[in-house]
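Everything numeric here is computed off the predicted structure, so don't read it as measured data.
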Amino acid sequence: GTSPFWRRIVPRLPRISERILSRSPSGAAHTPVDHFKTINDHHGHPAGNQALKYVTTALRTTLPAGAFMGRLGGEEFLIVLPDTAADDAAKAADTFREAVMAIDTTGWLDGRRITVSIGVTTSLSAQDSASALLHRADTALYVARRSGRNCVRIDLTSMTPRSIAATTLNEQRAASG
């Protein structure tokens with residue numbers, strides 16, 4: 001079926017596609033907060049709202065020049081990286097992941113670390129559609145969640161003969177951090 005992410009983003013596709021696809025290659029990073037429901041359930045909605053504010057700040061302050069982001073609703077963010085090839089998009093996403101992990105939660109989340117899983121892709125040509133781009137980001141996110149969360153996965157499916165080209169950045173560091 002269609003993911004909730006997909007239902008929310010589809011109405012925004014014309015504006016997003018114009019901004020993303022006019023500059024190829026461009027990256028997209030689907031970035032939800034891991035286990036957000038647990039934060040709300042165990043610490044209350046004010047703590048959840050505070051977490052979202054801190055995550056928003058962490059992401060905004062690490063955006064590369066020219067990039068932009070939006071909250072898709074709930075705990076999900078979409079970050080668009082114009083003029084960004086796959087390797088650089090994945091590196092940027094890992095910077096976002098580290099910035100979120102660095103949020104100080106002492107005293108309000110019992111020190112519980114906030115993390116994000118990030119699904120990344122890039123536009124493959126000027127003919128690539130925004131819906132295909134976002135579908136690949138969503139697929140990469142699914143792989144990130146299945147990989148234990150707090151990681152970055154990239155899907156460039158139509159660039160490779162394999163069904164999913166999943167790449168991990170700094171996996172050892174993420175596992176030990």
Inset, instruction - Identify the two heavy atoms, one from A28 and one from L133, that lie closest to each other, and give their separation to 0.1 Å. - result: CB-CD2, 3.9 Å

Legend entry - Listed partners of R60 passing side chain to side chain donor-acceptor pair (under 3.5 Å), at least two apart: none

Legend entry - Contact summary for V80 and P82, nearest pair of heavy atoms: O-CD, 3.3 Å

Inset, instruction - Nearest 0.5 Å please: distance from the CD1 atom of I118 over to the CG atom of D34. - result: 9.0 Å

Legend entry - Side chain proximity check, V116 to N150, heavy atoms < 4.5 angstrom: no

Legend entry - Side-chain heavy atoms of L59 within contact of F77, under 4.5 Å: yes

Inset, instruction - Would you name the heavy atoms of C151 and A144 that are closest together and state the gap between them? - result: SG-O, 3.5 Å

Tell me which donor-acceptor pairs under 3.5 Å the side chains of residues 39-55 have, and how far apart each pair is, sequence neighbours excluded?
unit_1: D41; atom_1: OD2; unit_2: K37; atom_2: NZ; d: 2.6
unit_1: H42; atom_1: ND1; unit_2: T38; atom_2: O; d: 3.2

Legend entry - Side-chain heavy-atom pair V143, D155 within 4.5 angstrom cut-off: no

Inset, instruction - To the nearest 0.5 angstrom, please state how far the CD1 atom of I103 sits from the OG1 atom of T57. - result: 8.0 Å

Inset, instruction - Give a yes or no on whether the backbone of S26 and the side-chain of S123 come within a donor-acceptor separation of less than 3.5 Å. - result: yes

Inset, instruction - Report the residues that fulfil side chain to side chain donor-acceptor pair (under 3.5 Å) with T31, sequence neighbours left out, ordered by chain and then residue number. - result: none

Inset, instruction - Treating Ile, Leu, Val, Met, Phe, Trp and Tyr as nodes and any side-chain heavy-atom pair under 4.5 angstrom as an edge, say whether V100 and M69 lie in one connected cluster. - result: yes

Inset, instruction - Please tell me if the side chains of L141 and S117 come closer than 4.5 Å, counting only heavy atoms from C-beta onward. - result: yes

Legend entry - Spacing of CD belonging to E75 relative to CG belonging to L72, to within rounding of 0.5 Å: 10.0 Å

Legend entry - Which residues share a side chain to side chain donor-acceptor pair (under 3.5 Å) with T105, sequence neighbours left out: none

Inset, instruction - Taking all heavy atoms of A90 and all of V120, pick out the closest pair and write down the distance. - result: N-CG1, 4.2 Å

Legend entry - Reported CG-to-CG distance for the pair L81 and L63, which is rounded to 0.5 angstrom: 7.5 Å

Inset, instruction - Apply the test side chain to side chain contact (heavy atoms under 4.5 Å, CB included) to residues L78 and L134: give CA-CA distance (whole Å), side-chain angles for both, the deciding distance (0.1 Å), then the verdict. - result: CA-CA 9 Å; L78 178 68; L134 295 167; 3.9 Å; yes

Legend entry - Validation row: E76, H30 side chains within 4.5 angstrom (heavy atoms): yes

Inset, instruction - Would you confirm whether R136, through its side chain, and T157, through its main-chain N or O, come within 3.5 Å as a donor-acceptor pair? - result: no

Legend entry - Sub-4.5 Å side-chain heavy-atom contact between D83 and P25: no

Inset, instruction - Tell me, yes or no, whether the heavy-atom count around F36 atom CZ, taken from other residues, nucleotides or ligands under 6.0 Å, exceeds 12. - result: yes

Legend entry - Presence of salt bridge, R97 and D94, under 4.0 angstrom: yes

Legend entry - Non-hydrogen side-chain atoms of T122 and T84 separated by less than 4.5 Å: no

Inset, instruction - Check whether any side-chain heavy atom of H35 lies under 4.5 Å from a side-chain heavy atom of R149, and answer yes or no. - result: yes

Inset, instruction - Using salt bridge (Lys or Arg N to Asp or Glu O under 4.0 Å) as the criterion, list what pairs up with D104, not counting sequence neighbours. - result: none

